[in-house]
Protein chains: 2
Amino acid sequence: MPPRKNSRSHNVTILDVAREAGVSPSTVSRVLNSQDHVRPDKRARVLTAMTRLGYVVNQQARSLAGGRSHVIGLLVHEVGVSYTGEIIRGIEEELVAAQYELMLYTTHRRKTKESTYVATLTRGMTDGLLLLLPLNPQAYLESLHQERFPYVLIDHQGTNEACPAVAATNRRGSYDATSYLIELGHRRIGFITGEMRLGCAVDRLEGYKAALADHGIAFDPALVVEGHFLQPDGYAGANALLALPDPPTAIFASNDVSAFGVMDAVRDHGLRIPEDISVIGFDDIPEAAHVHPGLTTVRQPLEQMGQLATRMLLRQIKDPEYTGERVELPTELVIRQSCQPPRAAREHTTARRRRLKEGYSS
Amino acid sequence: MPPRKNSRSHNVTILDVAREAGVSPSTVSRVLNSQDHVRPDKRARVLTAMTRLGYVVNQQARSLAGGRSHVIGLLVHEVGVSYTGEIIRGIEEELVAAQYELMLYTTHRRKTKESTYVATLTRGMTDGLLLLLPLNPQAYLESLHQERFPYVLIDHQGTNEACPAVAATNRRGSYDATSYLIELGHRRIGFITGEMRLGCAVDRLEGYKAALADHGIAFDPALVVEGHFLQPDGYAGANALLALPDPPTAIFASNDVSAFGVMDAVRDHGLRIPEDISVIGFDDIPEAAHVHPGLTTVRQPLEQMGQLATRMLLRQIKDPEYTGERVELPTELVIRQSCQPPRAAREHTTARRRRLKEGYSS
DNA sequence: GCGGTAACTGGTAGCGTTTTCAAAAATGTT
DNA sequence: AACATTTTTGAAAACGCTACCAGTTACCGC
């Protein structure tokens with residue numbers, strides 16, 4: 001007697017479909033995988049039989065039999081931030097079109113040996129892996145590579161150029177934002193870095209420096225504060241910058257979330273945005289448009305990045321010969337209301353002094 | 001000749017482990033599933049053989065053979081908001097302990113017939129389903145129920161009391177928050193609702209009304225503005241409330257995100273929080289603590305809710321007899337800096353008038 | 001020591017697919 | 001009409017594991 005999974009009634013299998021349609025299981029399988037070499041009339045018979053019986057393919061069996069599992073894995077550090085959400089949206093869009101499912105792996109929870117970890121991911125469960133902004137991917141990247149397991153990095157500047165990856169033009173975006181502030185007339189521009197272990201954070205700092213240099217403005221290390229892409233970092237950083245003897249007239253935060261922290265700090269000092277201090281961010285997460293004043297920021301095409309990465313991964317899965325390359329998507333300066341030219345030197349200082357005093361006394 | 005999956009070398013299976021350890025495949029399987037009835041020495045031999053060979057279990061085969069798939073599905077409306085993120089964190093914690101994996105399904109992307117959809121979910125891929133704040137779950141809830149497929153609702157007030165679900169004491173939390181404001185001395189309290197198709201939003205409005213009634217304050221429909229849990233809703237709602245001839249002295253937003261919108265609007269009116277207007281939220285997402293002033297809010301134990309739901313689901317999977325019940329976790333008022341007593345009537349109005357004028361003129 | 005029970009162990013038949021491989025049918029060619 | 005191709009088809013063997021069924025061994029009380 002065949003063991004039943006549960007007490008549940010017998011699942012309909014391709015055998016049932018085959019019987020119903022009067023063909024062999026092989027033919028049903030061929031129809032399922034939309035292969036050629038099936039006569040149109042039989043294909044139609046199979047299709048109707050499938051709908052009549054309410055057949056649903058069993059992925060487990062399919063993948064065990066040597067097919068693909070039709071699942072890809074997403075390795076992500078933190079879910080629940082807009083940045084991740086936007087990218088996942090892009091991934092899902094592409095996946096649903098390709099009839100693939102998404103397996104979520106969060107890195108912070110893992111304590112097992114990396115090697116085993118990758119093996120687990122690799123073995124059967126998924127056909128490929130998307131690595132979203134990994135902090136230290138060297139460990140598994142190597143195993144992945146030598147196992148020739150399909151993967152794509154998202155938003156990571158690998159040391160290895162050969163890695164299939166998609167990212168945004170971080171350096172360029174940062175350069176543009178800084179130039180924009182300079183062209184508005186700002187000369188002292190504060191900068192709050194991101195998590196400097198991440199290549200994108202380094203690139204953004206470099207873009208800032210390059211823009212300064214190209215416009216003949218000396219780089220002042222006092223204007224750079226280290227952060228980690230978090231709101232409190234922006235808050236603390238801005239506080240430090242505003243306490244400077246000669247504070248900046250604009251602050252560039254390495255991502256929108258920390259820019260929100262900056263905005264809070266600026267307001268806590270009794271200063272107004274953009275009248276007293278201009279603030280600019282990076283990412284263009286949805287909140288940037290919802291905040292008041294609207295945050296001027298550098299748009300990363302997050303959703304598009306997710307889509308592209310997924311397409312690259314799926315292509316790798318289909319065609320083992322294809323090894324994706326590194327792609328950079330263009331950033332774009334999104335101008336909202338959080339920046340304006342600084343006040344003329346004299347008027348500026350007096351007005352700010354007055355306002356600072358007011359702010360502190362309240 | 002056995003067909004090879006790829007050109008990859010032969011995967012190590014339990015047969016290899018069995019040979020290496022000098023036992024039968026059955027014994028290896030028993031060790032894998034940590035069943036009893038295996039002598040310690042053999043178990044040890046198997047374990048060492050497994051590590052020596054670098055064995056990794058093949059989940060597909062395992063589940064196909066009638067075991068569990070060791071995967072649960074999470075049906076979620078929107079990923080990338082803190083609310084979801086916190087809950088997922090809780091889910092993951094529980095899952096990693098139980099050696100389960102997480103499959104992510106986002107609802108918005110689906111256009112297929114519900115019935116097929118559930119069947120797909122049900123068939124093989126996952127052992128159970130977590131439904132996070134589903135908008136209209138009736139469709140699949142029914143099929144799920146009659147298929148006796150394990151599932152747990154998170155943060156949803158089903159019409160059916162029998163549904164296994166975990167939620168927070170929304171009504172009570174809202175009652176507490178409103179009472180707190182009343183006890184501070186507020187009499188006119190604005191309320192911004194959440195998405196009213198969701199039970200939790202309805203409950204929160206009810207809690208607000210109940211607190212008002214219990215304190216002998218007449219309910220004024222003019223003070224209630226409908227929102228959908230989004231930041232712009234809070235902004236627009238607060239603007240509407242502040243434009244009232246007799247504006248509220250405090251605003252209660254149905255979730256933190258819309259409370260942030262309220263804070264923006266209040267500031268745009270040149271008013272200060274909490275001196276001129278008190279603001280209170282609901283959820284206690286991480287940002288609530290990072291914003292300035294810190295947002296007083298009603299804490300939902302989101303992470304804990306995720307954990308509990310997962311535990312309930314896993315228990316259902318293990319024990320088909322067990323049908324989870326509805327559980328409500330207690331909310332807690334988290335007092336930060338965004339509320340204070342309203343100014344005494346006279347001083348209050350003059351001060352606000354002055355400030356309003358200032359705000360508008362700038 | 002002996003039957004009886006309980007703890008172990010191995011053999012093997014599936015689970016539902018895909019994938020050869022070869023046979024059968026259809027098509028084209030002279 | 002006979003032959004050479006090319007499409008279509010079906011049978012059957014995996015894929016790696018679990019679950020059932022016997023068969024072994026170990027333990028216990030007499």
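Order of the sequence lines fixes the chain letters, A, B, ..., with proteins taken first and strands second; residue numbering starts at 1 for each chain. Hydrogens, waters and symmetry mates play no part in the numbers below; they use all other heavy atoms, side chains included. Quantities reported herein were computed from a predicted structural model and do not represent experimental measurements.
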- Partners of A:Thr27 by side-chain hydrogen bond (donor to acceptor under 3.5 Å, both in side chains), sequence neighbours excluded? A:Ser24
- Task: May I have the distance from B:Leu64 (atom CG) to D:dT18 (atom C1'), rounded to whole angstrom?
- Result: 10 Å
- Task: Ignoring hydrogens and angles, answer whether the base of D:dA19 and the side-chain atoms of B:Ser29 contain a donor-acceptor pair closer than 3.5 Å.
- Result: no
- Message: Under 4.0 Å, heavy atoms only, any strand: does B:Val23 hit a base, just the sugar-phosphate, or nothing?
- Response: sugar-phosphate
- Task: Starting from P on D:dG16, measure out to CZ on B:Arg19 and report it in whole angstrom.
- Result: 12 Å
All N/O pairs under 3.5 Å across the protein-nucleotides 4-7 of chain C interface:
none

- Query: Phosphate oxygens OP1/OP2 of C:dT9: is one of them under 4.0 Å from a side-chain N or O of B:Lys42?
  - Reply: yes
- Difference in axis direction between the ends of the helix from C:dG1-D:dC30 to C:dT30-D:dA1, five pairs, 10°: 30°
- Provide, to the nearest angstrom, the distance between the CE atom belonging to A:Met50 and the C1' atom belonging to C:dT17. 14 Å
- How close do A:Glu20 and A:Ala49 get, heavy atom to heavy atom, and via which atoms? CG-CB, 3.6 Å
- Those residues at least two apart in sequence (or on a different chain) that pass side-chain hydrogen bond (donor to acceptor under 3.5 Å, both in side chains) with B:Gln316 are none
- Query: Where the side chain of A:Ser26 is defined as all heavy atoms beyond and including C-beta, which of D:dT9, D:dT18, D:dA12 is the nearest nucleotide?
  - Reply: D:dA12
- Message: I need the CZ-C1' distance between B:Arg62 and D:dA19, as an integer number of Å.
- Response: 14 Å
- Less than 4.0 Å between a side-chain N and a carboxylate O, is that true for A:Glu86 and A:Arg89? yes
- Give the rounded distance in Å between these two atoms: CG of A:Leu32 and C1' of C:dT18. 10 Å
- Message: Nearest to the side chain of A:Ser24, heavy atoms from C-beta on, is which of C:dT17, D:dG10, C:dG16?
- Response: D:dG10
Below 3.5 Å between N/O atoms, which protein atoms pair up with nucleotides 21-23 of chain C? Just atom names and distances, please.
none

- Message: Could you work out, with side chain to side chain contact (heavy atoms under 4.5 Å, CB included) as the rule, every residue matching A:Leu329, not counting sequence neighbours?
- Response: A:Pro301, A:Gln304, A:Met305, A:Leu308, A:Val327
- Picking from C:dT9, C:dG14, D:dT9, the nucleotide nearest the side-chain atoms of B:Ala65 would be C:dG14
- Query: Closest nucleotide of DNA chain D for B:Asn33 versus for A:Thr27: which of these residues is on the 5' side?
  - Reply: A:Thr27
